[in-house]
Amino acid sequence: MTIYTARPIEPAVLKQLRDTDDAGRACVPYIDHEGGDPLRCCLRRIRPGERVALVTYAPLRRWAAETSAAPGAYDEQGPVFIHAEECEGLAGADPYSFTRPGALRVLRRYSRAGHILGGRLLEFPEAASEGFDAALDEAFSDPEVALVHVRAVEYGCFQFEVRR
C-alpha cells in the first residue's frame, strides 16, 4: 500500500483567494466563535475564535492552469473555509484530519486532461487512515488517473486533493 499526501490549497493560491475568490468576489473575513468547520489551508478544523473566510474555490480549474489540462464542463467551484491570514499550513497537522470513522466522502478521479474518470463513495472504517489509503490505491491503480478530489457527501464540498 502506498502512503498518499493530502494536499491543502497552495500558499500562492491562498494569497489570491484572500483578495478575490474564484467567483470574482472580495474576501470577507470574520471571527468564527463556534469553530469546527474544516480549513482547506492547513487541513484541520477551525478553532473557536479564529479569523477565517468562506471563499469560492475552483480546484480543478487551478490544477488545469498548472498542467494545461482542459476540464471543460468538469470545472466546478464551491465554498471552502480558509484562514483570513497566512497560516502554518500542514506544519504538525494530521493530513487526514477529515477522515474520522463513519464519515462519508466521495473520491472523484480525474484524467490528465481534466476529465472525470469516475468516483467512489467511501465510508471510513474504524481504521480510517488505512481505509482511505486503500481507496486511493484503488483509484490510482488506473494509470489514467492523474489526481483525486476528496469531497464531503453532505454538501459536496471539496476537502482536499491527492495527486499521482
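Numbering of residues begins at 1 and proceeds along the displayed sequence.
Leu107 places none of its side-chain heavy atoms less than 4.5 Å from the side chain of Glu138. Between Glu144 and His115, every side-chain heavy-atom pair lies at or beyond the 4.5 Å cut-off. Using a 4.5 Å cut-off on side-chain heavy atoms (C-beta onward), Ile82 and Arg18 make contact. Side-chain contact check for Ile116 versus Glu76: every heavy-atom pair is 4.5 Å or farther apart. In this structure, Arg40 and Gln159 have side chains that are in contact, with non-hydrogen atoms separated by less than 4.5 Å. Put simply, the side chain of Tyr30 reaches to within 4.5 Å of the side chain of Val52, judged on heavy atoms. Taking the side chain as every heavy atom from C-beta outward, Ile31 and His33 approach each other to under 4.5 Å.
A pairwise comparison of heavy atoms in Gly156 and Arg151 identifies O-NH1, 2.9 Å as the closest pair. Minimum heavy-atom separation, Ala135 to Arg120: CB-NH1, 3.9 Å. Here the closest heavy-atom approach between residue Cys87 and residue Cys42 is recorded as SG-CB, 3.9 Å. Heavy-atom minimum distance, Ala6 versus Val162: CA-CG2, 4.2 Å. In terms of heavy atoms, Cys27 sits closest to Pro29 at O-CD, 3.5 Å. Pairing each heavy atom of Leu104 with each of Glu123, the nearest pair is CD2-CB, 3.4 Å.
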May I have the step-by-step check of side-chain hydrogen bond (donor to acceptor under 3.5 Å, both in side chains) for Arg25 and Thr56, ending in yes or no? CA-CA 8 Å; Arg25 289 187 287 270; Thr56 300; 2.8 Å; yes
What do the steps show when you test Phe132 against Phe160 for ring-ring contact (aromatic ring centres under 6.0 Å, His included), and what is the final call? CA-CA 13 Å; Phe132 187 65; Phe160 55 84; 5.7 Å; yes
ring-ring contact (aromatic ring centres under 6.0 Å, His included) between Phe158 and Tyr57, intermediate numbers included: CA-CA 9 Å; Phe158 173 83; Tyr57 178 56; 5.5 Å; yes
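Heavy atoms from other residues, nucleotides or ligands lying under 6.0 Å from CD of Glu86 number 12 at most. Sparse packing is recorded around CD of Glu34, with 12 or fewer heavy atoms of other residues, nucleotides or ligands lying under 6.0 Å away.
Asp75 is linked by a salt bridge (charged side-chain N to carboxylate O under 4.0 Å, His left out) to Arg61, counting only residues two or more places apart in sequence or in another chain. Among residues two or more places apart in sequence or in another chain, the side chain to side chain contact (heavy atoms under 4.5 Å, CB included) test is passed with Arg163 by Arg7, Trp63, Glu66, Leu147, Glu161.
Considering Glu10, His83, Glu85, Glu88 as possible partners of Cys41, the one that fulfils the side chain to side chain contact (heavy atoms under 4.5 Å, CB included) test is His83.
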